[in-house]
Amino acid sequence: MLVIGICDSETAVRSLLTGFAERYRLETGTNVQLLCYSSGEKLLKNYMLELDLIFLEIPFRKMNGLAVAERIRQQDAGVRLVFLTTVLTYVLEAYEAGVDNYLLKPLSYARFCREVSLALEKRNSADARCFLEENKTGIYKIYLHQILYIETDGKHTLIHTREEDITSYRQMKNHEALFAGTSLVRCHAAYLVNLRYFRKLEGMTLTLDDGTQIPVSRARRSFVLEQIKRYGFSFLINQESKYNQKEADKP
């Protein structure tokens, strides 16, 4: 599913883009979820990290659209940002704020489709990402989507895939830097977990869809929760509420 945010003060523009999204869904079969906002303040207040693409009016009448873009980029490096404008006055400033592209009004369906395609490509590119891992037994080509989790193993690290376990001479911090911005998330000093295979989070334990249980450190738990929500995964609301209540009851 592709999640698109439409943030524009004009009802007509929001309606037009909504129509474009429905047409795109019918023509391509792509499941599209739309989130519409009439102001930058409302977008930031209700921001969802699973957004893949945002059409953002610049400037807004109240909060400047450039400031909105900067705020979004501070918390979400993965979303594709496209600003909507009638003039090119703010183009350079928009790119500096982290905007990916701009569309001039009146908007066209063809340009809308191009931005949707680029957003899909950006989202899917992480799955196609691969790297080479060399150890004393040989050289391995490993794709991101093959990795279940990575753990510290003595002086080395161990990459667990569905097919095999591969010894790596990289330190955990090097793996974390290599996979920054992907579905591989540091959940513990000794673990990186691929949220693609997330099943549930209970207390301080994250369970993958094959039953593997990974520890989550207290210091990283909030960050892990944010990333789970970003990648659109569901988790046990009741268990989360119980955990939060226990934490609140602690002296």
Side-chain angles (χ1 to χ4, degrees), residues 1-40 42-44 46-61 63-130 143-145 181-183 195-196 229-233:
M1 179 175 67
L2 184 73
V3 185
I4 300 175
I6 300 172
C7 190
D8 196 289
S9 60
E10 297 182 44
T11 302
V13 173
R14 298 196 301 273
S15 297
L16 178 64
L17 289 173
T18 298
F20 285 171
E22 177 62 15
R23 178 179 171 183
Y24 184 86
R25 183 189 67 80
L26 293 173
E27 291 180 353
T28 66
T30 303
N31 189 8
V32 179
Q33 178 183 353
L34 287 180
L35 301 172
C36 294
Y37 309 93
S38 59
S39 71
K42 291 180 180 179
L43 169 61
L44 293 174
N46 301 283
Y47 195 79
M48 299 177 65
L49 284 170
E50 59 262 39
L51 280 162
D52 297 299
L53 171 63
I54 299 175
F55 292 101
L56 175 66
E57 178 189 19
I58 294 181
F60 276 100
R61 296 170 184 170
M63 186 175 186
N64 188 285
L66 296 172
V68 175
E70 290 174 347
R71 289 272 298 277
I72 291 172
R73 272 290 172 254
Q74 289 172 4
Q75 61 180 310
D76 192 347
V79 68
R80 181 171 179 81
L81 277 173
V82 178
F83 87 79
L84 310 176
T85 185
T86 55
V87 295
L88 299 180
T89 306
Y90 300 97
V91 171
L92 291 179
E93 292 91 337
Y95 284 130
E96 291 175 357
V99 172
D100 295 288
N101 203 358
Y102 68 91
L103 295 182
L104 284 173
K105 298 178 182 179
L107 305 174
S108 73
Y109 179 63
R111 291 293 303 275
F112 171 86
C113 290
R114 181 176 182 275
E115 293 304 327
V116 170
S117 296
L118 289 171
L120 284 169
E121 181 180 332
K122 184 174 185 178
R123 188 188 68 181
N124 295 333
S125 63
D127 285 344
R129 184 172 178 175
C130 66
Y143 285 89
L144 172 65
H145 66 81
T182 72
S183 56
L195 294 181
R196 178 189 179 99
K229 295 173 185 178
R230 173 180 177 180
Y231 287 100
F233 296 110

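When reading the values below, keep in mind they use all heavy atoms of this one structure, side chains included, and skip hydrogens, waters and symmetry mates.
The structure places SG of C7 at 10.5 Å from CG of L81, a figure rounded to the nearest 0.5 Å. Rounding to the nearest 0.5 Å places CD1 of I6 at 11.5 Å from CG of L43. Here the CD-CZ distance, from E115 to R80, works out to 4.5 Å after rounding to the nearest 0.5 Å. Atom OG in S38 sits 10.0 Å away from atom CD in E57 (nearest 0.5 Å). Rounding to the nearest 0.5 Å places OG1 of T86 at 13.0 Å from CG of L103. One finds the CG atom of L84 at 7.0 Å from the CG atom of L56 (value rounded to the nearest 0.5 Å).
Between Q33 and L35, the shortest heavy-atom contact is NE2-CD2, 3.8 Å. Residues N46 and Y37 approach most closely at O-OH, 3.8 Å, considering heavy atoms. Summarising the geometry of C36 relative to T18, their closest heavy-atom pair is SG-OG1, 3.9 Å, with the distance given to 0.1 Å. Nearest heavy atoms, L66 versus A97: O-CB, 3.9 Å.
Checked against salt bridge (charged side-chain N to carboxylate O under 4.0 Å, His left out), E96 has no partners two or more places apart in sequence or in another chain. Listed by chain and residue number, nothing satisfies the salt bridge (charged side-chain N to carboxylate O under 4.0 Å, His left out) test with E93 (two or more places apart in sequence, or in another chain). For R73, the side-chain hydrogen bond (donor to acceptor under 3.5 Å, both in side chains) partners at least two apart in sequence or on another chain are D100. For Q74, the side-chain contact (heavy atoms from CB on, under 4.5 Å) partners at least two apart in sequence or on another chain are R71. Remark: R111 engages no residue in a side-chain hydrogen bond (donor to acceptor under 3.5 Å, both in side chains) (not counting sequence neighbours). With sequence neighbours excluded, the residues satisfying side-chain hydrogen bond (donor to acceptor under 3.5 Å, both in side chains) with T30 are T28. With sequence neighbours left out, the ring pair (Phe, Tyr, Trp, His ring centres under 6.0 Å) criterion links F20 to Y109, F112. Annotation: salt bridge (charged side-chain N to carboxylate O under 4.0 Å, His left out) contacts of K105 (sequence neighbours excluded): D8, E10. Judged as a side-chain hydrogen bond (donor to acceptor under 3.5 Å, both in side chains), and not counting sequence neighbours, the contacts of T11 are R14. Residues forming a side-chain contact (heavy atoms from CB on, under 4.5 Å) with E22 (at least two apart in sequence, or on another chain): R25, L26. Taking Y95 as the reference, V91, N101, Y102 meet the side-chain contact (heavy atoms from CB on, under 4.5 Å) condition, with sequence neighbours excluded.
Looking at heavy atoms from C-beta onward, L104 lies in side-chain contact with L88 at the 4.5 angstrom threshold. Side-chain contact between I4 and D52 is absent, with no heavy atoms from C-beta onward closer than 4.5 Å.
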